[in-house]
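Before any comments, here is the structure.
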Amino acid sequence: MLYLFSGGGGMGGAGTLVFPRMKSLKHLFDLNKEWAEQIRARDASFFEDLSDRQTPKYLWIGCSDSRVPAETLVGLEPGELFVHRNVANLVVHTDFNCLSVMQYAVEVLKIEHIIVCGHYECGGVRAALGNQPMGLIDNWLRHIKDVYTKHEVGLRGLSEQEKMDRLCELNVVEQVYNVCHTNILQSAWSNGQKLAVHGWIYSLHDGLLKDLNIYVDGPNELEPIYRTATGR
Ligand code: CO
């Protein structure tokens, strides 16, 4: 059992959560306290102001990799970036988790930019390039194999490292199109909402982002088969 409810007479009758193993992670609570204090020292009402509204301008779709921390690497504060992360920053048409994040970001938060950010040396991309069976995740990584197959001609003749780098980049490009093909984006563009999708890649070696120069801000740049929005 991960946690127990105890009591019941607390605030609102909600009871108290007791985590038997919480002590082993005390350092994280200490760090959290320190972080919150630092922010409060800079801006006493920071958390109060943020607690009743969030108005981020960007949705970040990135890899779960711990070395690619979304807000940190662009120097943004809490409240400034809406984030979805999964293994290898994939946007899959049937992934209701990612689609729900996108719908909320676009329709409720009215974000203006969606950034798909991949990274070089992505473990998911590396695994997809191989043939080692790894269980459930093989089904997820198959989407990257599809990207590989689609671009196989262009990848031919490259060294293993070049192939890896290029597939990390191509995977971002394909996910940008996957974002654009959703009915969420198509509807937003149909309604005249200003919304651009960007493809970026991050280097673990120098901490820098690179713009892959893919930028879509309307349906006209998409294959006709995917369009339901009319171009403006
Ligand atoms: Co990754």
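Atoms within each ligand, like the ligands themselves, are counted from 1 in listed order. None of these values were measured; they are calculated from a predicted model.
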- To the nearest 0.5 Å, what is the distance between CD (E112) and CG (D217)?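 One gets 12.0 Å once the value is rounded to the nearest 0.5 Å.
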Under 3.5 Å, sequence neighbours excluded: what are the donor-acceptor pairs made by side chains of residues 29-38?
residue: D30; atom: OD1; partner: K26; partner atom: NZ; Å: 3.3
residue: D30; atom: OD2; partner: K26; partner atom: NZ; Å: 3.1

- Message: Under the rule for side chain to side chain donor-acceptor pair (under 3.5 Å), what residues qualify as partners of E174, not counting sequence neighbours?
- Response: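 Listed in chain order: K150, H151.
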- Message: Given a threshold of 2.8 Å, state how many protein N/O/S atoms are nearer than that to the Co ion (ligand 1).
- Response: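 Under the 2.8 Å cut-off, the count stands at 3.
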- Item | E80 bridged to K57 by N-O distance under 4.0 Å |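 No, E80 and K57 are not salt-bridged.
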- Do Y226 and Y177 have ring centroids that are under 6.0 Å from one another? no
- Other cluster members, V153 - Ile/Leu/Val/Met/Phe/Trp/Tyr, side-chain contacts below 4.5 Å: none
